[in-house]
Every structure is written in structure tokens, then in C-alpha cells.
Amino acid sequence: MMQSDAKGNWHDSKGRFMDKPKRIPNDVAPPMPYQSARDRCIEYAKRQNIDLIWKAASIEVRGLTFPETEEIYAGVNPENDQEVRKVLTVNNIKRAWEFLLEHSDDWLDWHYLSEYNRICGQYLEKEPGAMRNRPVSITGTDWQPAIMVHPDDVLRDIGEAMDEETPSRRATHLFAVACRGQWFFNGNKRTATMGANHVIIHDGGGVFALPPQKIDTEFSDELLRYYETNDLPRILDWLEYHAIGHIEDDGRTSAQLDGVDE
């Protein structure tokens, strides 16, 4: 069944957009107090776009290098079938970033998250953009999320994340609950990364990017521990330290400033 959201975007019952989401001038955040900070975040994200794409794509494509990302960004074609998924992943995240920068004045809601998942999963995953309605298992743990995702739970989780006091805490909280909830069939961490960036750039608080060298080690351990214990403060502290890039420090994280991360 087709329905329209508050922005006038038509989507089906699973939350998938039928057309490109619309922007309505009076449905944006107030220009103060974060307008100038938001502009700085946008300028930084445009300047460091390939780096941010590389870090987001590294969640899915293990061993992806920055030079490879540069080549794909420039339009290189895959040489064989094994390269197709890598190229599609990078190009989809590139398009997701374009979408984010076009809509960074808007508040994040479920429909934007759905669109990020649709873009990131296009030609790669089944049912991209649709809310999960079947069980899913997670590699590395016996813990499983709810059998199916309930819209009320998603709205509650998003609302609780947006109630956090600082931009970085809102972004990391959203990332964590979106990953743990497994709201989509695939691509949850990529979608959560785009959602976290939407939140923190909108609020003028920096950028969000997981350190590629720690995705399979420290980050994976912390995320699995969070899945099993639901210890939200611990994972948020880890993410704020390792994944929040501060614009005033040229995008470096606290872990980089302390010499802990590269």
C-alpha cells in the first residue's frame, strides 16, 4: 500500500521511497546555533569525501585500500566478477554521501535511514530499504535480535538517540542502536554510518568514520560485546573516542590526537 510521509514522499508499507525524497524549506532545522558549524562540517566532508567513502566501504570490503577507492571514485570499471561487489559498494556509498550532503539541513528520520539502506544496497542486497521482517543471525555470537523489527521500537530508539545532549552522542547512539536492532536485511553498519554522519553533520558536530584498521579487531569485539550485554555507555564511549572526527582538529579523532590510532 502506498502512503505519504510528512515531507510528501511516497513510499510503500516497508518504508521504501518511490521517488527521490523532497525537501521542504520550512522543514529544516533552525539556522542557529549550529548553522556555521554545519557549513564547516559540510565543507570538510566534501574535501575529504574519498577518505570518508573508503572508511565506510571498508566495513563491507575487507582490505580495501585508499588508492583503490580513489580509482573507483574516478570511474574505473571492474576487471572481473570478484571486483564487481567492491566497485558497487564504493559507488553506492559515494551516492549515499551525495544524498546526505544534499539533505543535511533536514532532521534524520526513519525514511532517510531507509533511503540510505536502499542506496547502499542497490544491486548488492535483496530488498534494500525495507524494514526487516524475518529472523537474522550474526556472525561471531549466539545472540540474536528480535525476530522481526517493529516500527514503534525503531521510532523509540531513534527518539532516544536524538534526545542525547551532544551531537557526537546523538550520532554514536544512533549508530549503536541501528546496528544492534538490525533494522534492515543487510548493510546495517553502512546504513548506520550514513545515519550517524547525517546526524552529526546536521548538528555541526564533526564527522563519523570507523578506523579501518580496527574494524575486524577492537571494534568487532566491542560491537559483539554490546550486542550480548546491551551495555550502551561503553560502546558509545569507544565510538566517541575512535570514530568522531573533530573539524577543529582537521577531522582527527581523539584517538588519533592521542596517538592511539593512525
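Every heavy atom of this structure was used, including side-chain atoms; hydrogens, water molecules and symmetry mates were not.
- Leu124 is not connected to Val90 by any chain of hydrophobic side-chain contacts under 4.5 Å among Ile, Leu, Val, Met, Phe, Trp and Tyr, and they are in different clusters.
- Side chain of Arg118 to backbone of Pro128: no donor-acceptor contact under 3.5 angstrom is found.
- Closest of all the heavy-atom pairs between Val149 and Val154 is CG1-CG2, 3.3 Å.
- The aromatic ring centroids of Tyr112 and His103 lie less than 6.0 Å from each other.
- Contact check for His202 versus Arg38: side-chain heavy atoms found under the 4.5 Å cut-off.
- Within the 4.5 Å cutoff, the side chain of Thr253 has no heavy atoms near those of the His242 side chain.
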| Run the side chain to side chain contact (heavy atoms under 4.5 Å, CB included) check on Val87 and Asn77 step by step: do they pass? | CA-CA 8 Å; Val87 172; Asn77 293 317; over 6 Å; no
| task | Check the pair Ile244 / Leu239 against side chain to side chain contact (heavy atoms under 4.5 Å, CB included), numbers first and verdict last. | result | CA-CA 7 Å; Ile244 298 297; Leu239 290 169; 6.0 Å; no
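- With hydrogens and angles left out, the side-chain atoms of Asp261 and Tyr241 include no donor and acceptor closer than 3.5 Å.
- The distance from the SG atom of Cys120 to the CG atom of Asn186 is 12.0 Å, given to the nearest 0.5 Å.
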| request: Would you sort out whether Asp216 and Arg62 count as a side chain to side chain contact (heavy atoms under 4.5 Å, CB included), showing the intermediate values? | output: CA-CA 9 Å; Asp216 285 331; Arg62 299 299 193 268; 2.5 Å; yes
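- With hydrogens and angles ignored, the 3.5 Å screen pairs a side-chain donor or acceptor of Lys94 with a backbone N or O of Tyr73.
- Within the 4.5 Å cutoff, side-chain heavy atoms of Trp143 are placed close to those of Arg180.
- When all heavy atoms are compared, the tightest approach of Ala243 to Leu210 is CB-CD2, 4.2 Å.
- The shortest distance between side-chain heavy atoms of Lys189 and Phe219 falls below 4.5 Å.
- Side chain of Glu218 to backbone of Ile215: no donor-acceptor contact under 3.5 angstrom is found.
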| request: Evaluate the salt bridge (charged side-chain N to carboxylate O under 4.0 Å, His left out) criterion for residues Lys46 and Glu43: first the C-alpha distance (whole Å), next the side-chain angles of each, then the deciding distance (0.1 Å), finally the verdict. | output: CA-CA 5 Å; Lys46 289 179 178 179; Glu43 290 171 3; over 6 Å; no
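- Counting non-hydrogen atoms of neighbouring residues, nucleotides and ligands closer than 6.0 angstrom, the CD atom of Glu79 reaches no more than 12 such neighbours.
- Remark: side-chain polar atoms of Ser220 are not paired, donor with acceptor, to backbone N or O of Thr217 under 3.5 angstrom.
- Annotation: Lys214, atom NZ; neighbour count of heavy atoms from other residues, nucleotides and ligands within 6.0 Å is above 12.
- Atom NE2 of residue His173 and atom CD of residue Glu240 lie 12.0 Å apart, to the nearest 0.5 angstrom.
- For the pair Asp250 and Arg47, the minimum side-chain heavy-atom distance is below 4.5 Å.
- Cation-pi geometry between Lys126 and Phe185 is not met: the NZ or CZ atom fails to fall both under 6.0 Å from the ring centre and inside 45° of the normal.
- Once rounded to the nearest 0.5 Å, the distance linking CH2 of Trp107 with NE2 of His198 reads 9.5 Å.
- Shortest non-hydrogen contact noted between Ala178 and Trp183 is CB-CZ3, 3.7 Å.
- Between Tyr116 and Leu100 there is a side-chain heavy-atom pair separated by less than 4.5 Å.
- Asp258 places no side-chain N or O within 3.5 Å of a backbone atom of Val260 that could act as its donor or acceptor partner.
- Two different hydrophobic clusters hold Ile72 and Val84 under the rule that ILVMFWY side chains link at heavy-atom gaps under 4.5 Å.
- Residues Ser58 and Thr69 form no side-chain contact, since every pair of their non-hydrogen atoms from C-beta on lies 4.5 Å or further apart.
- Taking both residues in full, the closest heavy atoms of Ala161 and Arg170 are given as O-CG, 3.2 Å, listed atom of the first, atom of the second, then distance.
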| Stepwise salt bridge (charged side-chain N to carboxylate O under 4.0 Å, His left out) check, Glu125 with Arg85 | CA-CA 10 Å; Glu125 316 293 357; Arg85 187 172 184 88; 2.7 Å; yes
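- Taking every heavy atom of both residues into account, Ala196 and Phe208 meet most closely at CB-CG, 3.8 Å.
- Here Trp54 contributes atom CH2 and Ile93 contributes atom CD1; the two are 13.0 Å apart, rounded to the nearest 0.5 Å.
- Going from atom CG of Asn117 over to atom CH2 of Trp110 covers 7.5 Å, rounded to the nearest 0.5 Å.
- A chain of hydrophobic side-chain contacts below 4.5 Å, direct or via other Ile, Leu, Val, Met, Phe, Trp or Tyr residues, connects Ile53 to Val76.
- In this structure, Leu88 is not a member of the same hydrophobic cluster as Ile59, with clusters built from ILVMFWY side-chain heavy atoms closer than 4.5 Å.
- Summarising the local packing, CZ of Phe66 is surrounded by more than 12 heavy atoms from other residues, nucleotides or ligands at distances under 6.0 Å.
- Checked by atom type and distance alone, the side chain of Ser114 pairs as donor or acceptor with a backbone atom of Gly129 at under 3.5 Å.
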| message | Under the criterion salt bridge (charged side-chain N to carboxylate O under 4.0 Å, His left out), I'd like the reasoning laid out for Asp153 against Arg156: C-alpha separation, chi angles, the key distance, then a yes or no. | response | CA-CA 5 Å; Asp153 293 337; Arg156 179 203 63 216; 3.3 Å; yes
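- In this structure, the side chain of Arg132 engages the main chain of Ala146 through a donor-acceptor pair within 3.5 Å.
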| request: Could you please spell out the steps behind the salt bridge (charged side-chain N to carboxylate O under 4.0 Å, His left out) verdict for Lys55 and Asp51? | output: CA-CA 6 Å; Lys55 289 174 179 175; Asp51 184 69; 3.0 Å; yes
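- Atom-to-atom distance recorded for Ile247:CD1 and Ile201:CD1 is 7.5 Å, nearest 0.5 angstrom.
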| query | Given the rule in the side chain to side chain contact (heavy atoms under 4.5 Å, CB included) test, do Asp157 and Glu160 qualify, once you have shown the distances and angles that lead to the verdict? | reply | CA-CA 5 Å; Asp157 288 343; Glu160 289 176 354; 4.2 Å; yes
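- Shown here for Ile200 and Val207, the closest heavy-atom pair between the two residues is CG2-CA, 3.9 Å.
- At least one side-chain heavy atom of Phe99 sits less than 4.5 Å from a side-chain heavy atom of Glu115.
- Of the N and O atoms on the side chains of Thr89 and Glu60, not one donor lies less than 3.5 Å from an acceptor on the other residue.
- Salt bridge Lys86/Glu83: present, at least one basic N to carboxylate O contact under 4.0 Å.
- The cluster map of Ile, Leu, Val, Met, Phe, Trp and Tyr, joined by side-chain heavy atoms under 4.5 Å apart, puts Val136 and Ile147 in different clusters.
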